[in-house]
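Following: one structure in structure tokens, then a few remarks.
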Amino acid sequence: MATQGSGRQPKYQRIADELREAIQAGEYGPGQRLPGENDLMATYEVARMTARQALGVLQNEGLVESRKGAGVFVRDFKPLRRRGIQRLSRDQWGAGRSIWSADIENRNLVVDQLQVSESPAPERISQVFDIPADAAVCVRSRRFVLDDKPVLLATSYLPADLVAGSAITQEDTGPGGTYARLAELGHKPVHFREEIRCRMPSQEEAHRLRLTMGTPVIMICRTAFADEGRPVEVNEMILDSAAYVLEYDFDA
């Protein structure tokens, strides 16, 4: 591989472009090692910093990952396709299926960190529920791991008086999860709203999701509404942006 033409594009970007094209063409498959800094320095006649920047571009895009002492490898991970509309269908959770089953197909998604507690509502949450500041809410915090890779942090808030004594306050909410239990309590979700933002992760989020440097996260805040527009759950989710494809499929 050799760069062509001078142009105005930085050398490291041209090298990254060629490596990306090689990955997309299958010259480097999942799990295969890319040329190292020394190889790129010799091939492209560039300084070490330029070679390092080129590899850094691909790491930031989530295409490759660095393994300490071994080199940089093509990421061996199939993105999770999050079907934003189908997954929230009543046919899903109403039939006792997890909403996540619409996304994962036959892959192994597990919750490896789970904490259920009752605490005063943060101001942003109390405003959504229209409850007094610091009123008690049930908080369900989870980390989801797909194929041994952490992909999602989720924290759900529900009014404590609404779910008191139900399985929602337990670690295992049962078939159909939280929404099925809300339906049994007479507060069946009938409408959902999701707000999506992107940003760089906090240090804690990067650690818990095992993110490579420069990888942004996707923030999804979902509010579930029961009859008469009453909000019954706020779920704040932090997604590894390199692990997800967000899909919205609906009729015109």
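The structure displayed is predicted, hence computed values, not measured ones.
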Exercise. Do NZ/NE/NH1/NH2 and the carboxylate oxygens of R82 and E194 come within less than 4.0 Å?
Worked result: yes

Exercise. Thinking salt bridges, do R124 and E236 make one under a 4.0 Å N-O criterion?
Worked result: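 Judged by the 4.0 Å cut-off on N to carboxylate O distance, R124 and E236 do form a salt bridge.
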
For this session: Taking ring-ring contact (aromatic ring centres under 6.0 Å, His included) as the test, write out the residues that go with H191, two or more places apart.
Result: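 Partners of H191 by the ring-ring contact (aromatic ring centres under 6.0 Å, His included) criterion, ordered by chain and then number, come out as F225.
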
Checking [X] now: which residues fulfil side-chain contact (heavy atoms from CB on, under 4.5 Å) with it, not counting sequence neighbours?
{"X": "A135", "answer": "I131, P132"}
{"X": "R199", "answer": "E205, V217, M219, I238"}
{"X": "F73", "answer": "R33, R67, A70"}
{"X": "V128", "answer": "T223, P231, V234"}

Problem set entry | Partner of F144 under side-chain contact (heavy atoms from CB on, under 4.5 Å), chosen from L114, L152, L209 | L152

For this session: Starting from the C-alpha separation in whole Å, work towards a yes-or-no answer on salt bridge (charged side-chain N to carboxylate O under 4.0 Å, His left out) for D130 and R230.
Result: CA-CA 9 Å; D130 193 20; R230 180 183 182 181; over 6 Å; no

Exercise: identify the closest heavy-atom pair between [X] and [Y]:
{"X": "R181", "Y": "G174", "value": "NH1-C, 3.4 Å"}
{"X": "A154", "Y": "M237", "value": "CB-CG, 3.9 Å"}
{"X": "C198", "Y": "I218", "value": "SG-CG1, 4.1 Å"}
{"X": "P35", "Y": "L55", "value": "O-CD2, 4.0 Å"}
{"X": "T50", "Y": "Y12", "value": "O-CB, 3.4 Å"}
{"X": "V116", "Y": "C138", "value": "CG1-SG, 4.2 Å"}

Exercise. Residues in salt bridge (charged side-chain N to carboxylate O under 4.0 Å, His left out) with E45, at least two apart?
Worked result: none

Seminar exercise, completed: With sequence neighbours left out, the residues meeting salt bridge (charged side-chain N to carboxylate O under 4.0 Å, His left out) with D112 are R143

Decide yes or no for [X] and [Y]: does some side-chain heavy atom of the first lie under 4.5 Å from some side-chain heavy atom of the second?
{"X": "L239", "Y": "V151", "answer": "no"}
{"X": "P150", "Y": "H207", "answer": "no"}
{"X": "V74", "Y": "L34", "answer": "yes"}
{"X": "L19", "Y": "L40", "answer": "yes"}
{"X": "V57", "Y": "L63", "answer": "no"}
{"X": "R222", "Y": "S156", "answer": "no"}
{"X": "Q170", "Y": "D172", "answer": "no"}
{"X": "V190", "Y": "K188", "answer": "yes"}

Problem set entry | Side-chain donor-acceptor pair present, R140, N235, cut-off under 3.5 Å |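 Judged by distance alone, the side chains do not pair up.
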
Exercise. For residues Q115 and S141, is any side-chain donor paired with an opposing acceptor at under 3.5 Å?
Worked result: no

Seminar exercise, completed: Excluding M41, membership of its hydrophobic cluster (Ile, Leu, Val, Met, Phe, Trp, Tyr; side-chain heavy atoms within less than 4.5 Å) reads none

Exercise. Rest of the hydrophobic cluster containing V110 (Ile/Leu/Val/Met/Phe/Trp/Tyr, side-chain heavy atoms under 4.5 Å)?
Worked result: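 Joined to V110, directly or through intermediates: V145.
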
Going from [atom1] on [X] to [atom2] on [Y], what distance comes out if it is rounded to the nearest 0.5 angstrom?
{"X": "R48", "Y": "E37", "atom1": "CZ", "atom2": "CD", "value": "5.5 Å"}
{"X": "Y157", "Y": "S119", "atom1": "OH", "atom2": "OG", "value": "7.0 Å"}
{"X": "E233", "Y": "H187", "atom1": "CD", "atom2": "NE2", "value": "14.0 Å"}

For this session: Could I get the full list of side chain to side chain donor-acceptor pair (under 3.5 Å) partners for S241, not counting sequence neighbours?
Result: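 Here no residue qualifies.
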
Problem set entry | R20: side chain to side chain donor-acceptor pair (under 3.5 Å) partners, not counting sequence neighbours | D17, E61

Exercise. Backbone N or O of G36 within a donor-acceptor pair of the D39 side chain at under 3.5 Å?
Worked result: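 Checked: pair present.
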
Exercise. After noting the C-alpha distance and the side-chain angles of L246 and I196, does the key distance pass the side chain to side chain contact (heavy atoms under 4.5 Å, CB included) rule?
Worked result: CA-CA 10 Å; L246 305 185; I196 301 175; 4.1 Å; yes

Exercise. Considering residues, nucleotides and ligands other than M200, do more than 12 of their heavy atoms fall under 6.0 Å from its CE?
Worked result: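 It does: M200 CE has more than 12 such atoms within range.
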
For this session: Verify the cluster assignment for M49 and V72: are they in a single hydrophobic cluster under the rule of side-chain heavy atoms below 4.5 Å apart?
Result: no

Exercise. Ring centroid separation for F192 and Y179, is it under 6.0 angstrom?
Worked result: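 They qualify: ring centres under 6.0 Å apart.
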
For this session: Quick one: do L158 and V137 satisfy side chain to side chain contact (heavy atoms under 4.5 Å, CB included)? Show the steps, please.
Result: CA-CA 5 Å; L158 304 101; V137 289; over 6 Å; no

Show the atom names and distances, to 0.1 Å, of all donor-acceptor pairs under 3.5 Å that link a side chain in residues 161-169 to residues at least two apart or in another chain.
unit_1, atom_1, unit_2, atom_2, d
S166, OG, V163, O, 2.7
S166, OG, I168, N, 3.3
T169, OG1, S166, O, 2.7

Problem set entry | Evaluation steps, side chain to side chain contact (heavy atoms under 4.5 Å, CB included), between L153 and R208 | CA-CA 8 Å; L153 307 175; R208 293 186 64 196; 3.7 Å; yes

